[in-house]
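One-based numbering, in listed order, for ligands and for the atoms of each. Note that these values count all heavy atoms, side chains included, but never hydrogens, waters or copies made by symmetry.
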Amino acid sequence: MTLIQLSGVNKHFGDYHALRDIDLEIQQGEFFSLLGPSGCGKTTLLRTIAGFEDVGSGSIRIDGRDMKGVGPNLRPTNMVFQSYAIFPHLSVAENVGFGLRRADMTRDEKTRAVGEALEMVGLGGYGGRAANALSGGQRQRVALARALILKPKVLLLDEPLSALDKKIREQMQVELIKLQREVGITFILVTHDQEEALVMSDRIAVMFDGGIGQMDDPETLYRRPRSKRVAQFIGMMNFLDGEVAATGTEIEVTVQGLGRCSVAAEQAPGAVAPGPVSIGIRPETLSLLFEGETTTRKEVAAVVDEVVYYGDMTYYDVRVDGIEKPLTLSMKNLIGRPVLDVGTQTRVAWDERSLVLLGH
Ligand SMILES: Nc1ncnc2c1ncn2[C@@H]1O[C@H](COP(=O)(O)OP(=O)(O)OP(=O)(O)O)[C@@H](O)[C@H]1O
Ligand SMILES: [Mg+2]
């Protein structure tokens, strides 16, 4: 069931076109993310859904109702802001109960609701603590509990985890996913961290310059980016030049350094025409062939140019004849597998099925 529907939404700040023709449908119970570089309009889009910004043209419907002229406090949404504002001089319970101050509930009912909301975010028993005696991760949970207590249909989260360090952020990501499944509320998460978006979302809208570049589930976005821009923004990608000779259910393409290839039409999700084309290859779809190793895949000679050891993985840059920029590839560090030195002559195995044709 569609819960939120944006049609042709445009927003200007003076001369600046901050949102461009946004069409978007978000389903009831969906975990939806807005992903994009700084300044692309993520917060602005979230604020228009929440009702903090008017739209210039287009419409926003939530739960079947047109939101034109409906103020933020009358919308079935609640927002957790980019810089989470909790009140340091209040206790944890007072912070969480803040949103209920005008609710038509008895004192006991409010106390119970606060207790439940704190349980939900894993802060049961912390109600009496001073809010300024909490860690960053705990404060973020307080901000979440304060938003959840009003039982919104939609929770709007603007980079809620960006202030946290890596370990706690990853832990909170998992907890947020669990929480969202439990409460069944629709979440719209803003992030500029592509990994966070991939991990957490049912669907992701990638935004550039106020518009939506691509909207898909994480796997489609990663495996079938529709443009070079999206491919560059999500994960690591090697780009090669090529020339499409013929299109159809199979596409005939000559790839620099790799030669003539035949790929399936779905490997060109952005549609390509005969002529120059940009070809993407993910590092994990390339592999080094160690001494004496054979493969049923295609192979090409290469020289190791750079080695970056990550513990579980090693990233190599390798030079291949006919390709100007080194190719980046990643290898799992299995037991008994050597880490090669710079300058080593080697071979790289690759596969036609992992090429993505991106147009220009
Ligand atoms: N009230 C405003 N008045 C004028 N310009 C604004 C206003 N709010 C935002 N903008 C501009 O609109 C653009 C989009 O801003 P927005 O805050 O939506 O970006 P964002 O994608 O959330 O970026 P970030 O990742 O840095 O938070 C920016 O260029 C910003 O300067
Ligand atoms: Mg923002």
Side-chain angles (χ1 to χ4, degrees), residues 4-24 26 31-60 62 67-73 75 77-86 136 139-140 143-144 146-147 152 154-166 168-170 172-173 176 186-201 203-216 218 221 225-227 229-235:
I4 298 171
Q5 188 177 33
L6 276 70
S7 313
V9 167
N10 281 279
K11 168 82 187 165
H12 285 84
F13 292 113
D15 287 342
Y16 187 74
H17 200 172
L19 295 178
R20 295 168 190 265
D21 298 321
I22 303 284
D23 290 317
L24 192 62
I26 298 172
F31 200 127
F32 191 89
S33 294
L34 300 170
L35 172 68
S38 188
C40 71
K42 305 179 297 292
T43 296
T44 305
L45 181 53
L46 212 59
R47 287 173 58 84
T48 60
I49 295 171
F52 294 111
E53 303 281 357
D54 293 330
V55 295
S57 63
S59 73
I60 299 179
I62 304 180
M67 289 290 124
K68 196 173 174 62
V70 179
N73 55 335
R75 297 192 182 194
T77 53
N78 206 341
M79 186 148 165
V80 176
F81 291 92
Q82 194 158 2
S83 52
Y84 46 84
I86 61 168
R139 280 176 210 217
Q140 194 54 58
L144 269 175
R146 193 171 63 189
V154 186
L155 194 60
L156 305 168
L157 301 148
D158 194 355
E159 311 234 14
L161 310 180
S162 62
L164 307 175
D165 62 29
K166 192 169 156 55
I168 301 175
R169 195 165 72 225
E170 285 170 357
M172 284 290 287
Q173 286 170 0
L176 258 186
T186 305
F187 277 30
I188 307 180
L189 173 81
V190 163
T191 179
H192 60 251
D193 179 340
Q194 46 100 10
E195 223 169 89
E196 183 164 291
L198 290 176
V199 168
M200 300 186 74
S201 322
R203 269 189 319 144
I204 301 168
V206 184
M207 292 182 71
F208 297 113
D209 306 326
I212 294 179
Q214 187 170 349
M215 186 158 40
D216 264 312
L221 214 48
R226 290 177 156 272
S227 63
R229 212 170 183 195
V230 170
Q232 254 162 344
F233 197 73
I234 310 261

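Each of I62, V55, T48 was compared with M67 under the side chain to side chain contact (heavy atoms under 4.5 Å, CB included) criterion, and only I62 meets it.
When non-hydrogen atoms are compared, ligand 1 lies under 4.0 Å from the side chain of E159 (C-beta onward) but not from its backbone.
Below 30°, between 30° and 60°, or above 60°: for H17 and H12 the angle between ring planes is below 30°, a parallel geometry.
In this structure, D158 contributes its side chain and T43 its backbone to no donor-acceptor pair below 3.5 Å. Judged by distance alone, with hydrogens and angles left aside, the side-chain atoms of R203 form no donor-acceptor pair with the main-chain N or O of M215 at under 3.5 Å.
Here atom 28 (C) of ligand 1 lies nearest to G39 when heavy atoms of G39, G36, S38 are compared.
Considering backbone and side-chain N/O atoms, G41 comes within less than 3.5 Å of an N/O atom of ligand 1. Geometrically, ligand 1 and C40 share a nitrogen or oxygen pair separated by less than 3.5 Å. Residue T44 places at least one N or O, backbone or side chain, under 3.5 Å from an N or O of ligand 1.
Two residues are said to be in side-chain contact when any heavy atoms from C-beta on lie closer than 4.5 Å; I49 and L6 meet this criterion.
Note that CD of E170 and CD of E195 are 7.0 Å apart. Values are rounded to the nearest 0.5 Å.
Against a heavy-atom cut-off of under 4.0 Å, T43 is close to the following atoms of ligand 1: 17 (O), 18 (O), 20 (P), 22 (O), 27 (O).
For T44, every N, O or S atom stays at 2.8 Å or more from the Mg ion (ligand 2).
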